Amino acid sequence: MTQHLILGQTLRFTGDALHDWQTGTVHDSAGGVLIDAGRITQVGPGAALRAAHPQVPVTDYGDALICAGFVDAHMHYPQTAMIASWGKRLIDWLNTYTFPEEAKFADPAYADDIAGRTLDLALAHGTTTLTSFCTIHPASVDAWFQAAQARHMAVIGGKTCMDRNAPDDLRDTAQSAYDDSKALLDRWHGQGRATYAITPRFSPTSTPDQLSALGALWAAHPDCLMQTHLSEQIDEIAWVKGLYPDARDYLDTYEAHGLLGARGLYGHAIHLEPREIARLTEVGAAVVHCPTSNTFIGSGLFDMMGLAQAGLRIGLATDTGGGSSFSMLRVMAATYEIGQLRGTPLHPAQLMWLATEGSARALHMGGDIGHLGPGAMADLCILDLASTPAIAQRTACADDIWEALFPTIMMGDDRAVRDVWVAGRRVAQTE
Ligand code: GUN
Ligand code: ZN
């Protein structure tokens, strides 16, 4: 029997909670989720589901909260071992910490080790889908997708392409970036739960020729995603202006080379010009907010509500290892804090939606992942809302689900993750 019934509190969204969190948000204090063959088939009152399916095995989580597994829309698995490296800003941080670590991925065994380690850490934090930059080495992409396949996880990834402004051992060429990326996407895109993302790291580390080659590859494979970085730090933007003197702005360095489109994912997007916001919105592209990274590397304050009102698609991400945590709870807390600094605090429902459905929609996977509803894959996170004494004493006097959940968003970490299910399997049971 492949059916299973999970009982607990349930929280699900039937609409876009970032724009209207009240209309489509459904909480059930005694809910149930029925799973069949890896997918959710029903979500409803737990007692009714139990009565209707008396033969189905049950896991009862009591007061714990069943929600969709978290979706991390931008991270770098090769930076797992150098997370929380001190004191640099973006360009120095890349040169000092990141590039030397990424050079180690010339060894496929090292790539296998870190890919598995990253996914296990992510699962322990309740994250069931991750979108990662790999390294310049094709084997780092194989390592990523193989590790995900072994865990039944839906992940996105791509070979990071760089043909200038990077160390010798981390540079490819326009042609080899095209050829390697094409071979990898032919091998992995759509295999099981794998999705390929064409991955120019960012404009400063690609020549115009390389950006054009990758733009041509995307045009030939428009169902792939494309991921890169955009307008993260002021110094970086000035550097881009110098490298691309004819570009109207940072986004134009991508646009002019065929790298602007609906399936494009633009990480950070903090210091945007009005034209960039208009073009990203017009084409239906997604920007990805990386708040723990933006504070850690000192990048700036993303304008969540301004960009949401402009109609932009927005995902949420750790940006590991620029981000200083593997936890999407920490990412939600930082999103709230940056919202406060901008005078636009987000409601807990908006934060939860962004970390699940919002990120899934940014990846064009809405309804399939990050969603607690019939038809979605059964990728689930079970949150203990009283995981530490400090959180428990606050939750004990909560008047509603939002007061009960917000302390876990603000103060929670992997201790709050009671259990995780991937494709209808309890993670602890598949080990
Ligand atoms: N810009 C280009 N590469 C990177 C990276 O690895 N991390 C971050 N945060 N920004 C980048
Ligand atoms: Zn990044």
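Predicted, not measured: the structure shown is a model, and the values here were computed from it. Counting starts at 1 for both ligands and their atoms, following the listed order.
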- Query: So, are D368 and R39 salt-bridged, with charged N and O less than 4.0 Å apart?
  - Reply: yes
- Query: In H76, the N, O or S atom nearest to the Zn ion (ligand 2) is which?
  - Reply: NE2
- Item | Which segment of L90 sits under 4.0 Å of ligand 1 when only heavy atoms are counted | side chain
- Message: Is Q79 close enough to touch ligand 1? Criterion: a residue heavy atom under 4.0 Å from a ligand atom.
- Response: yes
- Look at atom CG of D63 and say whether more than 12 heavy atoms of other residues, nucleotides or ligands are closer to it than 6.0 Å. no
- Keeping the roles fixed (side chain from Y336, backbone from V331), state whether a donor-acceptor pair exists under 3.5 Å. no
- Under 4.0 Å to a heavy atom of D319 - the qualifying atoms of ligand 1, by number: 8 (C), 9 (N)
- Electrostatic pair R89:E232 at N-O distance under 4.0 angstrom: no
- Considering the heavy atoms of H76, write down every atom of ligand 1 situated less than 4.0 Å from one of them. 5 (C), 6 (O), 7 (N)
- Item | Identity of the N, O or S atom of D319 lying closest to the Zn ion (ligand 2) | OD1
- Electrostatic pair D168-R171, nearest N-O below 4.0 angstrom: yes
- Query: Which heavy-atom pair separates D252 from D246 by the least distance, and what is that distance?
  - Reply: OD2-O, 4.4 Å
- Message: As a check for students: among R201, E102, E232, identify the option with a heavy atom nearest to atom 6 (O) of ligand 1.
- Response: R201
- Message: Taking backbone and side chain together, does H74 place any N/O/S atom at a distance below 2.8 Å from the Zn ion (ligand 2)?
- Response: yes
- Message: Distance check below 2.8 Å: does H268 bring an N, O or S atom to the Zn ion (ligand 2)?
- Response: no
- Answer with side chain, backbone, both or neither: which part of F296 has a heavy atom less than 4.0 angstrom from an atom of ligand 1? neither
- Please indicate whether any nitrogen or oxygen in T98 is less than 3.5 Å from any nitrogen or oxygen in ligand 1. no
- Query: By number and element, which atoms of ligand 1 are closer than 4.0 Å to a non-hydrogen atom of H268?
  - Reply: 9 (N)
- Query: Taking only heavy atoms of F202, which atoms of ligand 1 are found under 4.0 Å from at least one of them?
  - Reply: 1 (N), 2 (C)
- Task: Evaluate the ring planes of H229 and H76, with Trp represented by its six-membered ring, and classify them as parallel (under 30°), tilted (30 to 60°) or perpendicular (over 60°).
- Result: parallel
- Query: If you check every N/O/S atom of H229, which is the one nearest the Zn ion (ligand 2)?
  - Reply: NE2
- Query: Within the side chain of E276, is there an N or O that forms a donor-acceptor pair under 3.5 Å with the backbone of L251?
  - Reply: yes
- For ligand 1, is there an atom lying under 4.0 Å from some heavy atom of W93? yes
- Message: Under a 3.5 Å cutoff, is there a donor and acceptor pairing between the side chains of T127 and H125?
- Response: no
- Answer yes when D249 and R279 have at least one side-chain N-carboxylate O distance shorter than 4.0 Å, and no when they do not. no
